[in-house]
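First comes the structure, then the notes that go with it.
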Amino acid sequence: MEGISLEELQLAARNHGMPLEALRFPVTPVGLHYLLIHYDVPVVDAEEWRLTVSGGRELTFGLDELRARPTVDVTATMECAGNGRARLDPRPVSQPWLLEAVGNARWTGIPLRPLLEEAGIPETTVEVLFTGLDRGVEAEEEQRFQRSLALQDALRGDVILAYEMNGAPLPPQHGFPLRLLVPGWYGMTNVKWLDRIELLDAAFGGYQQAWAYHLRQAEDEQGEPLQWMRPRSLLVPPGIPEFMTRERLLPAGGCLVEGRAWSGLAPVAGVQVSDDGGETWGDAELEPEEGRWAWRGWSFHWDARPGDYLLCSRARDEAGN
């Protein structure tokens with residue numbers, strides 16, 4: 001595989017994944033949660049900031065007004081759609097994620113649906129557009145980060161506007177003062193630094209929606225838009241690491257291998273573990289669910305004999321994915 005370019009290294013230095021040993025935390029500490037910042041982190045004055053909601057009429061809300069409304073808490077796993085990109089061959093040139101672009105946090109905010117209903121939902125509405133304050137250039141186009149949802153998806157009761165993460169105000173890098181949370185969807189859907197919400201009577205055709213985040217077999221094809229997170233399992237690396245390679249060393253004998261699994265498509269139904277790179281598999285034991293949108297813990301008792309092993313895990317959900 002080609003080496004990582006200076007441009008990719010620059011992206012990797014300003015964004016970060018979650019160290020796999022942090023899978024031990026049921027709720028990921030804020031500083032360990034994966035982070036992707038497309039453009040620059042906006043500096044926002046909470047006293048001056050306003051959210052505009054434009055439907056049948058236009059409404060504006062200050063942060064204190066939103067915080068005064070009835071709140072909800074949603075614990076949700078969030079994963080970047082490009083997680084694992086650096087391991088593809090050929091490798092798409094972008095943020096070079098390995099496996100760690102994920103986190104599981106407790107988000108506090110207000111349901112989106114009542115705000116849309118207060119603004120009025122015209123009968124012609126087909127999508128809801130979310131615009132952030134962050135600005136940049138992609139595909140030679142100056143733009144803000146914008147993503148849309150079909151109206152029926154935006155009206156889901158668990159879609160919220162979050163102003164807290166793990167019981168504290170959103171930090172600047174995670175979207176202060178307000179971000180969208182769409183549980184079960186890949187991370188790019190959860191627009192940060194929200195500035196405006198608009199009800200549209202036609203599909204949004206902006207770059208982040210119509211071209212970015214599509215699964216393609218060739219660069220020039222339209223591809224399939226990514227939405228719901230596919231099943232994935234990651235394991236906590238056992239033992240201790242060699243500094244540069246991150247290869248693990250541990251004593252021979254019984255070893256408890258642990259990890260987390262998730263799927264946006266359906267609840268996790270099972271996890272399997274292999275110590276020979278996927279040639280043979282054994283069933284792991286699932287821990288109780290911590291909520292529909294939170295990852296699910298699992299464990300596997302492994303007899304570690306002297307030698308070299310390639311450990312891996314895989315998950316399936318209740319829909320058979």
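Position 1 is the first residue of the sequence; numbering continues from there. Every value quoted in this text rests on a predicted model; they were computed, and no experiment measured them. All values below were derived from every heavy atom in this structure, side-chain atoms included, with hydrogens, water molecules and symmetry-related copies excluded.
The 12-atom threshold is not exceeded at CD of Glu285, counting heavy atoms of other residues, nucleotides or ligands nearer than 6.0 Å. For Glu142, the CD atom sits in a loose shell: 12 or fewer heavy atoms of surrounding residues, nucleotides or ligands are nearer than 6.0 Å. The environment of Gln217 atom CD is sparse: at most 12 non-hydrogen atoms of other residues, nucleotides or ligands sit within 6.0 angstrom. Within a 6.0 Å radius of CD in Glu117, other residues, nucleotides and ligands contribute more than 12 heavy atoms. More than 12 heavy-atom neighbours from other residues, nucleotides or ligands sit within 6.0 angstrom of CD on Glu318.
The backbone N or O of Arg232 sits nowhere less than 3.5 Å from a side-chain atom of Arg260 that would complete a donor-acceptor pair. Between the side chain of Asn83 and the backbone N or O of Cys80 there is no donor-acceptor pair closer than 3.5 Å. The backbone N or O of Gly62 lies less than 3.5 Å from a partner atom in the side chain of Glu65, making a donor-acceptor pair. In terms of modelled atom types and a separation under 3.5 Å, the side chain of Arg248 and the main chain of Pro238 share a donor-acceptor contact. Looking at Glu247, its side chain never comes within 3.5 Å of a backbone N or O of Leu249 through a donor-acceptor pair.
Side-chain contact between Pro237 and Arg246: absent, with no pair of heavy atoms (C-beta onward) separated by less than 4.5 Å. The shortest side-chain heavy-atom distance between His214 and Leu226 does not fall under the 4.5 Å cut-off. Side-chain contact between Pro122 and Asp201 is absent, with no heavy-atom pair separated by less than 4.5 Å. Using a 4.5 Å heavy-atom cutoff, the side chains of Lys192 and Asp134 are not in contact. Annotation: side chain of Trp193 is not in contact with side chain of Arg179 (no heavy-atom distance under 4.5 Å). Between Arg147 and Phe204 the shortest side-chain heavy-atom distance does not fall below 4.5 Å. When side chains are defined from C-beta on, Pro267 counts as touching Arg292, because their heavy atoms get closer than 4.5 Å. With a 4.5 Å cut-off on side-chain heavy atoms, Leu115 and Ile197 do not count as touching.
A perpendicular orientation is assigned to the rings of Tyr213 and His38, their planes being inclined by more than 60° (bins at 30° and 60°). Trp185 and Trp228 have tilted rings, their planes meeting at an angle from 30° to 60° on a 0 to 90° scale.
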N/O donor to acceptor pairs below 3.5 angstrom from side-chain atoms of residues 40-53, sequence neighbours left out:
{"unit_1": "Asp45", "atom_1": "OD1", "unit_2": "Glu47", "atom_2": "N", "d": "2.9"}
{"unit_1": "Trp49", "atom_1": "NE1", "unit_2": "Leu194", "atom_2": "O", "d": "3.0"}
{"unit_1": "Arg50", "atom_1": "NH1", "unit_2": "Glu47", "atom_2": "O", "d": "3.2"}

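Remark: Asn104 CG to Thr77 OG1 distance equals 3.5 Å, nearest 0.5 Å. In this structure, OG1 on Thr189 lies 8.0 Å from CG on Leu180, to the nearest 0.5 angstrom. Note that the CD atom of Glu290 and the OG1 atom of Thr75 stand 8.5 Å from one another [nearest 0.5 Å]. Rounded to the nearest 0.5 Å, atoms SG (Cys312) and CG (Asp276) are 7.5 Å apart. Distance check, rounded to the nearest 0.5 Å: CH2 of Trp293 to OG of Ser263 gives 9.0 Å. A distance of 9.0 Å separates CG in Leu178 from CD1 in Ile160, rounded to the nearest 0.5 Å.
When all heavy atoms of Pro114 and Arg69 are compared, the closest pair comes out as CB-NH2, 4.1 Å. Nearest approach of Tyr207 to Ala139, heavy atoms of both residues: CE1-CB, 3.6 Å. Among all heavy-atom pairs drawn from Pro231 and Leu265, the shortest one is CD-CD1, 4.3 Å. Heavy atoms only, all atoms of each residue included: Leu99 and Leu234 are closest at O-CD1, 3.2 Å. In terms of heavy-atom proximity, Asp303 sits nearest to Gly254 at OD1-N, 4.5 Å. The two residues Ala86 and Leu98 have their closest heavy-atom pair at CB-CD2, 3.9 Å.
Judged by the 6.0 Å distance and 45° axis criteria, Arg216 is positioned over the aromatic ring of Trp211. Taking the ring centre of Trp281 as origin, the terminal cationic atom of Arg316 falls outside the region bounded by 6.0 Å and 45° from the ring axis.
Between Arg144 and Asp195 a salt bridge is recorded (basic side-chain N to carboxylate O distance below 4.0 Å). Between Glu58 and Arg196 there is a salt bridge, since at least one side-chain N of the basic residue sits less than 4.0 Å from a carboxylate O of the acidic one. Taking 4.0 Å as the cut-off between side-chain N and carboxylate O, Glu8 and Arg91 count as a salt-bridged pair.
One hydrophobic cluster holds both Leu116 and Val74 under the rule that ILVMFWY side chains link at heavy-atom gaps under 4.5 Å. Under a hydrophobic clustering in which Ile, Leu, Val, Met, Phe, Trp and Tyr are joined whenever their side-chain heavy atoms come within less than 4.5 Å, directly or via other members, Val159 and Val126 fall into different clusters.
Gln272 and Arg314 are linked by a side-chain donor-acceptor pair at a separation below 3.5 angstrom, with hydrogens and angles left out of the test. Under 3.5 Å, the side chains of Thr131 and Gln146 contain a donor-acceptor pair of N or O atoms. Using modelled atom types, one finds a donor on one side chain and an acceptor on the other under 3.5 Å when comparing Tyr39 with Glu138.
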Practice prompt. Give the intermediate values and the outcome of side chain to side chain contact (heavy atoms under 4.5 Å, CB included) for residues Leu161 and Phe61.
Written response: CA-CA 12 Å; Leu161 304 179; Phe61 302 90; over 6 Å; no

Q. Checking side chain to side chain contact (heavy atoms under 4.5 Å, CB included) for the pair Val268/Trp295: CA distance, chi angles, key distance, verdict?
A. CA-CA 8 Å; Val268 171; Trp295 57 25; over 6 Å; no

Step-by-step side chain to side chain contact (heavy atoms under 4.5 Å, CB included) determination, Val27 to Asn166
CA-CA 8 Å; Val27 173; Asn166 293 355; 3.3 Å; yes

- Task: Before giving the answer on side chain to side chain contact (heavy atoms under 4.5 Å, CB included), spell out for Val257 and Asp275 the whole-Å C-alpha distance, their side-chain angles and the decisive distance to 0.1 Å.
- Result: CA-CA 11 Å; Val257 180; Asp275 68 357; over 6 Å; no

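Under the side-chain hydrogen bond (donor to acceptor under 3.5 Å, both in side chains) criterion, the residue pairs touching residues 10-33 are Asn15-Gln95, with sequence neighbours excluded.
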